[in-house]
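Heavy atoms only: backbone and side chains are in, while hydrogens, waters and symmetry mates are out. To find a chain, count down the sequence lines: A is the first, B the second, and so on, and within it residues start at 1.
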Amino acid sequence: METGFGKGCHLHLIDGSAFIFRAYHALPPLTRKSDGLPIGAVAGFCNMLHRYVEGNTGPDAPTHVAVIFDYSGKSFRNTMYDQYKANRPPAPEDLVPQFPLTRVATKAFNIACKEVEGFEADDIIATLSCQARDAGGRVTIISSDKDLMQLVGGGVEMLDAMKNKRIDRDGVIEKFGVGPERVVDVQALAGDSVDNVPGAPGIGIKTAALLINEYGDLESLLDRAEEIKQPKRRQTLIEKRDQIELSKRLVQLDCDMTLDFSLEDLEVKDPEPETLMNFLAEMEFRTLTKRIAEQNGIEAPVIPDAPVNVPTSAEAPADQPFDPEAYEWVKDRASLEAWAAKAVAKGYVAVDTETTGLDEMVVDLVGVCLSVEAGEACYIPVGHKKGSSDDLFGSEELDENQLPLDVVLDVLKPVLENESVLKIFQNAKYDCKILKRYGVTVAPIDDTMLLSYALHSGIHNHGMDALSERYLNHQPIPIKTLLGTGKSAITFDRVPIVDAVKYAAEDADITLRLWQKFKPKLHQEKVTTVYETLERPLSPVLAQMEMHGIKVDRDTLSRMSNAFAQKMAALEAEIHELAGRSFNVGSPKQLGEILFDEMAIEGGKKGKTGAYATGADVLEDLASQGHDLPARVLDWRQLSKLKSTYTDALQDHINPDTGRVHTSYVQTGANTGRLASTDPNLQNIPVRTEEGRRIREAFVADEGKVLISLDYSQIELRILAQMADIEALKQAFRDGLDIHAMTASEMFDVPMDEMTSEVRRRAKAINFGVIYGISGFGLARNLRIPRGEAQDFINRYFERFPGIRTYMDETKAFAKENLFVQTLFGRKIHMPEINAKGPRAGFAQRAAINAPIQGTAADIIRRAMIRMPAEIAGLPAKMLLQVHDELIFEVEESAAQEVTEIARRVMEGAAEPVLKLDVPLVVDAGQGANWAEAH
DNA sequence: CTAGAGCGCTCG
DNA sequence: GTACGAGCGCTCTAGC
């Protein structure tokens, strides 16, 4: 092989992670000017890499080079020893988004960039070093990590780039007191507190080297441990033998990995100054960009001081007309490849998929649209069928009009998975789930829906039609015009492709233009961190949870449904008997007429539409006055609700392929940052009544597994105590007191041990009332007490906790002044009606008081959810559901305990390190074969 | 026949 | 006229 690796070759292996951390800590927290993206570590990394490349001249220059990275997540060493590196604090928040960028940077320098799942960088370095040495070449490992010293010798040396100091065999002996071949033995004995390698207690490097030199190697030492004179040392080596042997396995690097690339692939390549410069310019590194340009005699792109992508008024996307005729119908491979190349060259592309329906778990892909420039877009049909009533297509196969699916995926997959091409979607979760089913894992992404949510929550909804009309002044083609409505509606695969091109490509065009508008606004509105840390990373987590789904037992639901039907029939007969005639019990209107006209019960109140109110509170009052009919109706309604909404409707949502129910979370569903769950809503499964709670028995774990439920205890009250800074409440939480009883005790001067349940109930209602923006009227209605009395309670509460009133007043004042409120994590919830007059003012003020509390709680559980997948990686556990303050997992029984502990730790620590709360977050946990048992 | 409003009930 | 935040099933009516 003429380009093979062999004698005379010189391989450089750069420890990429070491570079990153050194760069991160050496530089202040720089951010990219245009959008606030944290970029300090990338800047330092690029500087170091640039300096490295420049220094690489002369006879000793490498012939082959690679930067090696750690794969995020756990390595095979964690399966040997779960505490391995457990002491390591998680990477700083602002460093995390920079990891992938350092990979992109490496490639921009035209240097090979390698990482392997389940292995540490050290193992890859070890394997490559051995291969290179065996081939007769030389190796320089650029790192100062002492763990790599075991590799030195036989043509392998280390280079500490900072001190510019070479470490050869003598250097290793100087450091460890033994040669490289015995370094692992010394490390096994000495242990490593940083990586949490236990070693032999009481033995350090010096002693270890002494022992190894005396006995030759570790195995001999352990076998002959009895001979050691010092009693303490002898005892340790005998007793801790297992631990020492484990330590050796932990520090021993894997020289024998199977790699999907070879040494030849690492050959030094000629620099590509343009590529590099474009990357540097995109990162907005002015100095380095200029230097590269000068060194290569090319022109540096202008990096604007103003945010990029801010259209000037003359060329604002909204001002460019939408021209459906300009969109391209892609029907041959060459055109498709041209679009893929355009996307790669730009570094971003707006993508939209068309499917046969709305259920991502079921539907088929019909087409894909791309756009890389406003006004330019294409539609790539892949699944259109011959329409029933048109003759647009010549043949059933349509080979003239659309490319085969495998060709389209073949070309697009590398782009969709290319980490240096940003894929822009409107509601990425939907498209990514579809594409996942076709074997494509899309990353990285931006999402205009989430951008809008971070920017505009509370102002409007975030659907594409609304956004387009509002921000682009353009009304998109309604899908109805293509599909029709109701019974006669068709699916998208039956839409003639000529029409589909205009509709679908327009969506990609709109998405791109919205992105150009929104992305720079992120920084201006100071919600970059919200988007980057609370919105964008959550989307794939939700997608995964939705795809897992939860197993629901149809028979259980079916049996319950029958039982409910029987009881309802009996009640219905009784109700008709009492009414004296037959009527629809499910009709509030008819019921009102029966009660207040025909039976002439007093006190009927008509609502806005002129109908009598017949809500549960009204019927309960009547029932307590001794009326039987309303009491029966209440029973009937409870059963009716359970049957129609739960036992019946839920069955229709069981996916025939998976036997599971796959809800859909709407990330932008609630203004406060909470999620909403739809199709079906699994966030309102009954729990408060015994009969309703039994519905949860139908939510089951798969065989051999259990469901685990963990929920935050009183999280909103804890956040209130924190935000309003109420020392008495904070202390009560720190002391683990019953917070409602404690409130009652303070308010009514009742000692805790003499507390009655009635007094506690009232205090609990007040506590909740505070969170909701309390009013005398509301509390009175909730507690069913006179309004004056309720007002007395509130007054007394404010007297005892004046800080709460101050917090409420300040929050309202802030909202009126700024027209938004904020969570502790910076999420903005806009309050456009806060200065309105009339009843709307009251609504807006209460919402303003509630939103920061509810929203902060929502942010905290989001942070836990985002971290969770990495924390439970490798364990037989899946996160399935979120119910506002609760997470539900499905776990193999044997791992239930471990997963519970991990999830609890993650949830209780989810505010950190951004927020240091004065109150502890407490998580309660349960497990069982079904959701009723687990909760 | 279909879409949308209103009511009522479920959850945190 | 009022507790905060959600979704969904049913009835009823307006309009094609």
Of the options dG9(C), dT2(C), dG12(B), whose atoms approach the side-chain atoms of Ser644(A) most closely? dG9(C)
Check for a donor-acceptor pair, side chain of Arg660(A) on one end and backbone N or O of His548(A) on the other, with a separation under 3.5 Å. yes
Ranking dG12(B), dT11(C), dG8(B) by distance to the side chain of Ser587(A), first place goes to dT11(C)
For Pro680(A), is there any backbone N or O sitting under 3.5 Å from a side-chain donor or acceptor partner on Thr663(A)? yes
Given dC9(B), dA3(C), dA3(B), identify the nucleotide with an atom nearest to the side chain of Ala616(A). dC9(B)
Geometric cation-pi criterion Arg805(A) and Tyr807(A), 6.0 Å radius, 45° cone: no
For a quick check of understanding: with a heavy-atom distance under 4.0 Å over all strands, which category does Ala765(A) fall into, base, sugar-phosphate or nothing? base
Over all strands shown, is Asn584(A) touching base, sugar-phosphate only, or nothing at heavy-atom distances under 4.0 angstrom? sugar-phosphate
Tyr797(A) ring center within less than 6.0 Å of Phe793(A) ring center: no
Taking only heavy atoms on the protein side, list every residue of residues 838-865 of chain A lying under 4.0 Å from any atom of DNA chain C, sorted numerically. Phe843(A), Arg846(A), Ala847(A), Asn850(A), Gln854(A)
For Gly773(A), which contact category applies under a 4.0 Å heavy-atom criterion: base, sugar-phosphate, or nothing? nothing
At a heavy-atom distance below 4.0 Å, what parts of residues 678-691 of chain A sit against DNA chain C? Thr678(A), Asp679(A), Asn681(A), Asn684(A)
